[in-house]
Amino acid sequence: MSSLDALFPSPVVADVLRLILSHPDKSFYQRLIAEKTGHTLFQVQKALERVEEAGLVTKTKEGKRIYYQADTTHPSFNGLQEALLAGLN
């Protein structure tokens with residue numbers, strides 16, 4: 001666990017944000033996020049609710065799938081992306 005993980009309500013939120021912020025030009029559907037992070041679909045859904053409420057991601061629905069993408073216009077996007085991705089190195 002990185003020191004940044006302590007800032008988030010759960011490691012799931014940190015992992016979801018790391019994935020989404022590391023690919024800001026890509027949209028992810030919930031099941032793919034679960035597969036890539038190794039968390040359950042339920043855990044990912046709860047984490048996505050939190051980051052959406054914070055305005056860090058945008059949500060779009062296409063058919064039965066809901067896609068999430070980093071909101072690059074959020075005032076904290078650049079700083080949060082830099083901090084989270086620095087923890088990967």
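Just so it is clear, the values below take in all heavy atoms, side chains as well, and ignore hydrogens, waters and symmetry mates.
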Heavy-atom pair with the smallest gap, counting every atom of His39 and Pro11: NE2-O, 4.4 Å
Looking only at heavy atoms, the pair that brings Ile20 and Tyr68 closest together is CD1-CB, 4.3 Å
Heavy-atom side-chain contact between Tyr67 and Lys59 under 4.5 Å: no
Is the shortest side-chain heavy-atom distance between His23 and Leu19 below 4.5 Å? yes
Value rounded to 0.5 Å, distance of [atom1] in [X] from [atom2] in [Y]:
{"X": "Asp71", "Y": "Phe77", "atom1": "CG", "atom2": "CZ", "value": "9.0 Å"}
{"X": "Ser10", "Y": "Gln43", "atom1": "OG", "atom2": "CD", "value": "7.5 Å"}
{"X": "Leu21", "Y": "Thr72", "atom1": "CG", "atom2": "OG1", "value": "10.5 Å"}
{"X": "Leu17", "Y": "Thr37", "atom1": "CG", "atom2": "OG1", "value": "11.5 Å"}
{"X": "Arg31", "Y": "Ile66", "atom1": "CZ", "atom2": "CD1", "value": "12.0 Å"}
{"X": "Thr58", "Y": "His74", "atom1": "OG1", "atom2": "NE2", "value": "12.0 Å"}

Side chain to side chain contact (heavy atoms under 4.5 Å, CB included) between Gln30 and Leu48, intermediate numbers included: CA-CA 8 Å; Gln30 295 174 350; Leu48 286 168; 3.9 Å; yes
In this structure, are over 12 heavy atoms from other groups packed under 6.0 Å from Tyr29 atom OH? yes
Does Glu62 form a salt bridge (Lys or Arg N to Asp or Glu O under 4.0 Å) with Arg65? I'd like the steps, not just the answer. CA-CA 5 Å; Glu62 291 182 25; Arg65 287 189 177 170; over 6 Å; no
Please evaluate residues Thr40 and Val44 with respect to the criterion side chain to side chain contact (heavy atoms under 4.5 Å, CB included), reporting the C-alpha separation (whole Å), side-chain torsions for both, the decisive distance (0.1 Å), and the verdict. CA-CA 6 Å; Thr40 68; Val44 166; over 6 Å; no
Does a side-chain N-to-carboxylate-O contact under 4.0 Å join Glu53 and Arg50? no
Walk me through it: do Val57 and Gln69 pass the test side chain to side chain contact (heavy atoms under 4.5 Å, CB included)? CA-CA 5 Å; Val57 298; Gln69 186 169 1; over 6 Å; no
